[in-house]
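What you see is a predicted model, and the numbers here were worked out from it, not measured in a lab. Note that these values count all heavy atoms, side chains included, but never hydrogens, waters or copies made by symmetry.
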Amino acid sequence: TFRLYRLTVVPVASCTGSMTKPCGFEFWRSTLKGARYVVAPMVDQSELAWRLLSRRHGAELCYTPMLHAQVFVRDANYRRENLYNELNQDDRPLITQFCANDPEVFIQAALLAQDYCDAIDLNLGCPQMIAKRGHYGVFLQDEWDLLEKMIKLADEKLSVPITCKIRVFPEIEKTVKYAKMLEKAGCQLLTVHGRTKDQKGALTGIASWKHIKAVREAVNIPVFANGNIQHLSDVQRCMEETGVQGVMSAEGNLHNPALFEGCSPPVWEMAEEYLEVVEKHPPCSLSYVRAHIFKLWHHTLQIHQDLREELAKAKNVAGVAEVNRQLKQRCQKEMAKDESEWTQTLLPFPHWICQPYVRPPPKDPNTENGQKALETKAVSVKRALEDGDGSNDSLSKNKQKKKVRNPNKNFCPELKPKYIKCEQCGNPKTNCLLSVHFWVIGHGLRFKTKALKQCNSDTGGGLTNGTVSTAVHDPL
């Protein structure tokens, strides 16, 4: 007896590259397990211990801290300390984020990381000055040709999907066009931070969910929202208003790692649990640990300021744990007092309860202390010029430091030696033409370079005329 079976071939969604891999909504549903609650990539703050703590309290997906692609390629220790050593089965799904501005370097770094995570994310949202100097993050958002090349190459070469985290443009239309370009290039999941490049620090302000909603409606890939998330109710409201698949939290998570559980536990409970995780999963940089405790105890340290300094001086995890114990004891003593004694703050909860830090809104330049400023501004008084005697009281702080290092240093212009200036360049003019490496037309101000000083000290001062003119014109 023969039986005939009809074979049904189910197509597997694949990205544009040659490798078969889940992408788009299949990637989100299967690999990321439909994650809705997401811990953001935070420089030096979303390390393994913090990710594990957050997962215990409701986080369904975590990102690594932002890693520098060029350093990741070049430095084996950097790779080991920031990803390889942090491999843990409880820490999945996990997305590794890189900052980069060179397609080849980005691909090299991503290839080295892809076996240790579920996707690679390109940071296009960091607005900090270090990103501006390094030319990465949000400062690439106008270079669409470069970004398209980077995303396409990653989509073709990697065995895991490529995702992006962006900030918005002031114009919704341009933001939508930007998102669609990234999707077309091969981005399989997009995180949209609803703030512009300039919304940072004192100008952070409110994130625009309208921008996020417009992007979600325009693209055919999963979208995560980022911005204005302080409580679980904000998460639910954001998903309803924007239609996104998930919501990412950064500062809200740092101040309350149980945010996605919808509860606000006492700070010491979260701090103690975090320190236990740190002990179980070494190594963890002490600077990371200290920074997390500062964030958790932020509101309490405004009151118990003496322990702020103790926390800053802690030399190891045990020292941090001791400060945490003292803060706990003080807060428990306050709890035993009459409620009216510890409710004299503007916080929604007592200061020892995990709760968000709300940034003060940017000040209106036309107002002062909530009242309309006077139209006529007072003339600013500049610091008086230094007195001729060079006394410390009249010197700037920088010059006072120099005075400590060199008590004989003179800051009085009238007492400084006068030199005849060169008619061509304005530098002091003398007659010597001697240079160590080549002859120059110079002014003969002779003093030793650092190298010559070292050589002179090593040889017991045997150099004669071992001097260099640094005020030079063109070499002969």
Side-chain angles (χ1 to χ4, degrees), residues 11-32 34-35 38 41 61 63-64 66-67 69 72-73 93-126 136-169 174-193 212 214-226 244-246 248:
V12 177
S14 63
C15 305
T16 57
S18 58
M19 301 178 183
T20 301
K21 55 189 174 185
C23 59
F25 280 95
E26 183 190 352
F27 161 63
W28 173 67
R29 283 190 294 264
S30 60
T31 306
L32 302 186
V38 186
L61 169 65
Y63 284 64
T64 67
M66 182 193 74
L67 305 178
F72 196 84
V73 170
L94 176 70
I95 296 180
T96 298
Q97 186 188 71
F98 286 106
C99 66
N101 56 26
D102 183 291
E104 293 298 330
V105 173
F106 175 53
I107 291 305
Q108 290 180 45
L111 288 171
L112 290 169
Q114 65 179 359
D115 293 336
Y116 299 86
C117 59
D118 299 291
I120 299 295
D121 186 79
L122 177 61
N123 183 328
L124 301 176
C126 181
Y136 58 79
V138 76
F139 299 97
L140 296 177
Q141 69 175 2
D142 291 314
E143 301 184 33
W144 290 16
D145 290 340
L146 172 63
L147 297 181
E148 187 175 16
K149 183 177 180 181
M150 293 175 74
I151 300 301
K152 279 185 176 179
L153 194 59
D155 189 38
E156 293 172 1
K157 299 290 186 182
L158 299 180
S159 61
V160 296
I162 175 71
T163 69
C164 297
K165 184 173 186 290
I166 66 171
R167 283 194 169 220
V168 300
F169 290 95
K174 187 173 183 180
T175 303
V176 168
K177 188 176 179 181
Y178 179 42
K180 293 179 76 172
M181 180 274 292
L182 295 173
E183 178 192 13
K184 185 178 178 180
C187 176
Q188 302 305 317
L189 184 148
L190 193 61
T191 300
V192 183
H193 187 163
I212 300 173
V215 170
R216 174 65 205 99
E217 292 175 346
V219 300
N220 297 308
I221 56 176
V223 174
F224 290 160
N226 184 208
V244 294
Q245 280 63 51
M248 176 182 286

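For the pair Pro103/Leu146, a side-chain contact is recorded, criterion being any heavy-atom separation below 4.5 Å from C-beta on. Proximity of Thr191 to Tyr63: side-chain heavy atoms (C-beta onward) are separated by under 4.5 Å at one or more points. A 4.5 Å side-chain heavy-atom check between Lys21 and Asp155 finds at least one atom pair inside the cut-off. Considering only heavy atoms from C-beta on, Ile166 comes within 4.5 Å of Val192 through its side chain. Ile120 has its side chain within reach of Phe106: a pair of non-hydrogen atoms, C-beta onward, lies under 4.5 Å apart. Put simply, the side chain of Ile221 reaches to within 4.5 Å of the side chain of Cys187, judged on heavy atoms. Here the side chains of Leu153 and Glu104 are in contact, with some heavy-atom distance below 4.5 Å. A heavy-atom distance below 4.5 Å is not found between the side chains of Phe224 and Val244.
Contact record, Tyr136 with Cys99: CD1-CB, 3.4 Å, taken as the closest heavy-atom pair. Contact detail for Ala179 and Val215: the closest heavy-atom pair is CB-CG1, 3.6 Å. In this structure, Pro93 and Thr31 approach most closely via the heavy-atom pair CB-O, 3.8 Å. Considering all non-hydrogen atoms of both residues, Glu183 and Asn220 come closest at OE2-N, 2.9 Å. Across every non-hydrogen atom of Pro22 and Pro161, the tightest pair is O-CG, 3.3 Å. Here the closest non-hydrogen pair linking Val73 and Leu112 is CA-CD1, 4.1 Å.
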Determine, stepwise, if the pair Leu32 / Leu189 fulfils side chain to side chain contact (heavy atoms under 4.5 Å, CB included). CA-CA 11 Å; Leu32 302 186; Leu189 184 148; 3.7 Å; yes
Thr163 and Leu190: side chain to side chain contact (heavy atoms under 4.5 Å, CB included), yes or no, with the steps? CA-CA 6 Å; Thr163 69; Leu190 193 61; over 6 Å; no
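Judged by distance alone, the side chain of Glu148 and the main-chain N or O of Met181 form no donor-acceptor pair under 3.5 Å. The main-chain N or O of Gly137 is never found under 3.5 Å from a side-chain atom of Asn123 such that the two would form a donor-acceptor pair. Within the 3.5 Å criterion, the main-chain N or O of Cys164 finds a donor-acceptor partner in the side chain of Asp121. Side-chain N or O atoms of Arg167 include none that pairs as donor or acceptor with a backbone N or O of His193 at under 3.5 Å. Judged purely by atom type and a 3.5 angstrom limit, Thr64 uses its side chain to pair as donor or acceptor with the backbone of Gln97. Distance alone, capped at 3.5 Å, places no donor-acceptor pair between the Lys165 side chain and the Cys126 backbone. Arg216 places a side-chain N or O within donor-acceptor distance of the main-chain N or O of Val219, the cut-off being under 3.5 Å. Under the 3.5 Å distance criterion, the side-chain polar atoms of Gln188 are matched with a main-chain donor or acceptor of Gly186.
To the nearest 0.5 Å, atom CD1 of residue Ile212 and atom CG of residue Asn226 are 7.5 Å apart. The line from OG1 of Thr96 to CG of Leu67 is 6.5 Å long, rounded to the nearest 0.5 Å. Atom CE of Met150 and atom CG of Leu140 lie 7.0 Å apart (nearest 0.5 Å). Ile162 contributes atom CD1, which lies 14.5 Å from atom NZ of Lys157 (distance to the nearest 0.5 angstrom). Atoms CG and CG, on Leu182 and Leu124 in that order, are 6.5 Å from each other to the nearest 0.5 Å.
Ring orientation note: the planes of Phe169 and Tyr178 are nearly perpendicular, at an angle over 60° on the 30°/60° scale.
Salt-bridge formation is detected for the pair Lys174/Asp142: a Lys NZ or Arg NE/NH1/NH2 atom is positioned less than 4.0 Å from an Asp or Glu carboxylate oxygen.
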